[in-house]
Amino acid sequence: MFRLWDLVAIILFLAGMAGMGLWFARRNTSTEAYFLGNRSFPGWAVGISMLGTSISSVTFLAIPAAAYVLDYRQAVTNLALPFVAVIALIFFIPLFRQGALTSAYEYLEKRFGVLVRSYAALSFLVLQVVRLAMILYLVSIPIEGMLGIPILWIIIVGGVVVSLYTVFGGIEAVVWTDVVQTFILLGGGLLCLGLMVWDLPGGFGQVIEIGTEFNKFSLGPMSFALNDRTFLVTLLVGIVGFMTEYSSNQNVIQRYIAAKSTREARKATLLCIFMSLPTWGSFFFLGVCLFAFYHVFSDETVAGLAADQVLPHFIFAELPPFVAGGIVAACFAAAMSSLSSSINSIATIGTVDFYKRFGKGKTDSEALRFAKAVSLLVSAGMIGG
C-alpha cells in the first residue's frame, strides 16, 4: 500500500547512500585506494562491513519466515561460524596478508600456476555477476508488494544508487556505507521485534510460551539421516559454506587485506563473529514473535500469505507512515551492502587478475580507469540481469 511518507523515508536513505559515494570519490586517486582504501581501515569498521556483507535481504525476510513457518533448525548452520573463524584467525588472515596481495587468487599462481589462478578468478566473476542480479531481483519482489510500485522501477532505482556510490566511491564507500546500512538493518529488525512484544498482552513471556508450545525453538531432528534438514546436515552445510567464505571469497579476503594491520584484521573477524550470531538469532526470534503475534491477533489476510510475505504485511499494517518506510529502507540496506561489496570485488579481480596480470606495461591510472569501467559494466549487467 503506497504511502507518501514511506516513500520520503526511502528517498532520504537512497540519497544519503549516493551522497556518501560521491564524498569518497575524490579520494580515489590510485588502485590501492580504490580496492583497499590504502590498507588503512580500523578493525571495527571492517568487522561491521563483513557483517553487513554476510547478511543480505534474505536475513531480513527469509530468516523470520523460516522460524515463522517451521523452527530454529536453519540457525544451526550459523553455529559453524566460530569453528571456521578460529581457522581463519590462525591460518587464513596471515596467509593473505603476506606479500602485499590484493586478490585472493594471486596466492594460487604462486602455488599452482597462472592457469589455476585464472580459472578460479573467472569462476568467481561469473558466479558473482549471477548472484548480483538475483539479490537485486529478490529484494525488489517484497518491496514491490509493500509499496505498490512496479518492480522494474525498484530494480532500476535501487541498482543505480548502488552503482553510483560503488563505481565512484570504491572500497571506502563500500565499507562505510556497509557500516551505516548494518546499523539501519539491525535497528529495523529490533524495532519490529520490540513492537510485537510490546503489543502482546503477555509480552516477552507470551512469546516464549507460544514458541515453546508450538516447538518453534527446536534445532531440528537429532538423527543421522542425510535426506532431511536435520541438526547434523545443517551443521555440515554451515561448515562447508563458512569455510568457503572465509578461505576463498574475495569479498572477505579483500577486507582481511584492507585492514591496517594483521591485528586489526583479526579484530575485525572476531567482531564479525560476535555480532553475527546475535544478529541471526534476533531475526530467528523475530519470526517466533511474528508467529506469536498473529496467533494472538488472528488476521484472515495473513492466513493466505506466503511465509516471507507475513513480515512485510505486519510492517505496513501495524507501523505508522515514515517508520514503515524506514523498515523498507532497512530491507534495501541489507541487499545493498551485499551488492556493493560484490561489485567492488569483481572490479578488483577483473583488474588485478586479468588486466594488470596480462596487460604488461599498464600504468596505475589506466588500471584505475579500467576498474571503474568494470564496476559500471557489472552494475549495468546486474540491473539488466
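Here the structure is a predicted model, which is why all the values come from computation and not from measurement.
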Quick check: closest heavy atoms across [X] and [Y], and the distance to 0.1 Å?
X	Y	value
G238	A80	C-CB, 3.5 Å
V76	L219	CG2-O, 3.6 Å
A9	G326	CB-N, 3.8 Å
L271	G47	CD2-CA, 4.3 Å

Quick check for you: to the nearest 0.5 Å, what is the distance between [X] atom [atom1] and [Y] atom [atom2]?
X	Y	atom1	atom2	result
F124	I346	CZ	CD1	6.0 Å
L377	I343	CG	CD1	11.0 Å
I184	I327	CD1	CD1	10.5 Å
I171	W176	CD1	CH2	12.0 Å
S123	I349	OG	CD1	11.5 Å
M17	T177	CE	OG1	6.5 Å

(message) Ring centroids only, cut at 6.0 angstrom: are F297 and F314 within range, meaning strictly under it?
(response) no
Can you tell me if [X] uses its side chain to pair, donor with acceptor, with the backbone of [Y] under 3.5 Å?
X	Y	value
Q250	A104	yes
Q181	S337	yes
E264	S261	no
S379	S375	yes
Y34	V167	yes
S118	L115	no
R117	L108	no
K372	F168	no

If you group Ile, Leu, Val, Met, Phe, Trp and Tyr by side-chain heavy-atom gaps below 4.5 Å, do [X] and [Y] land in one group?
X	Y	value
V175	L22	no
V130	M382	no
I154	V328	yes
F242	F91	yes
L368	L164	no

Any non-hydrogen side-chain atom of [X] less than 4.5 Å from a side-chain atom of [Y]?
X	Y	result
I253	F92	no
T230	V233	yes
L81	W280	yes
V296	I210	yes
S340	D178	yes
I87	Y246	no
V116	R111	no
V352	Y105	no

(message) Run the side chain to side chain donor-acceptor pair (under 3.5 Å) test on T31 and D364 for me, step by step, so that the C-alpha distance in whole Å, both residues' side-chain angles and the decisive distance to 0.1 Å come before the verdict.
(response) CA-CA 7 Å; T31 53; D364 192 69; 2.5 Å; yes
(message) One pair to check against side-chain contact (heavy atoms from CB on, under 4.5 Å): V174 and R255. What are the steps and the verdict?
(response) CA-CA 11 Å; V174 171; R255 281 159 176 74; 3.4 Å; yes
(request) Take Q254 and T348, measure what side chain to side chain donor-acceptor pair (under 3.5 Å) needs, and give me the verdict at the end. (result) CA-CA 9 Å; Q254 199 164 334; T348 304; 3.1 Å; yes
(request) Using the side-chain contact (heavy atoms from CB on, under 4.5 Å) rule, take I155 and E144 through it: C-alpha gap first, then chi angles, then the decisive distance, then the call. (result) CA-CA 10 Å; I155 290 171; E144 178 194 30; over 6 Å; no
(message) Using the ring pair (Phe, Tyr, Trp, His ring centres under 6.0 Å) criterion, which residues pair with Y72? Sequence neighbours excluded.
(response) F217, F284
(message) Go through it in stages, so that I can follow the logic: the residues are S345 and N251, the test is side chain to side chain donor-acceptor pair (under 3.5 Å), and I'd like the CA-CA distance, side-chain angles, deciding distance and then a yes or no.
(response) CA-CA 6 Å; S345 293; N251 290 324; 2.5 Å; yes
(request) Apply side-chain contact (heavy atoms from CB on, under 4.5 Å) to the pair Y68 and V302, showing each step before the final yes or no. (result) CA-CA 12 Å; Y68 177 86; V302 171; 3.4 Å; yes
(request) Starting from the C-alpha separation in whole Å, work towards a yes-or-no answer on side-chain contact (heavy atoms from CB on, under 4.5 Å) for I48 and F183. (result) CA-CA 9 Å; I48 295 174; F183 283 116; 3.9 Å; yes
(request) Could you tell me how the ring of H295 sits relative to the ring of F291: parallel (under 30°), tilted (30 to 60°) or perpendicular (over 60°)? (result)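 H295 and F291: parallel rings.
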(message) With a 6.0 Å cut-off (strictly less than), is the heavy-atom count around OH of Y355, excluding the residue itself, greater than 12?
(response) yes
(message) Counting only heavy atoms not in F214 (residues, nucleotides, ligands), do more than 12 fall under 6.0 Å from its CZ?
(response) yes
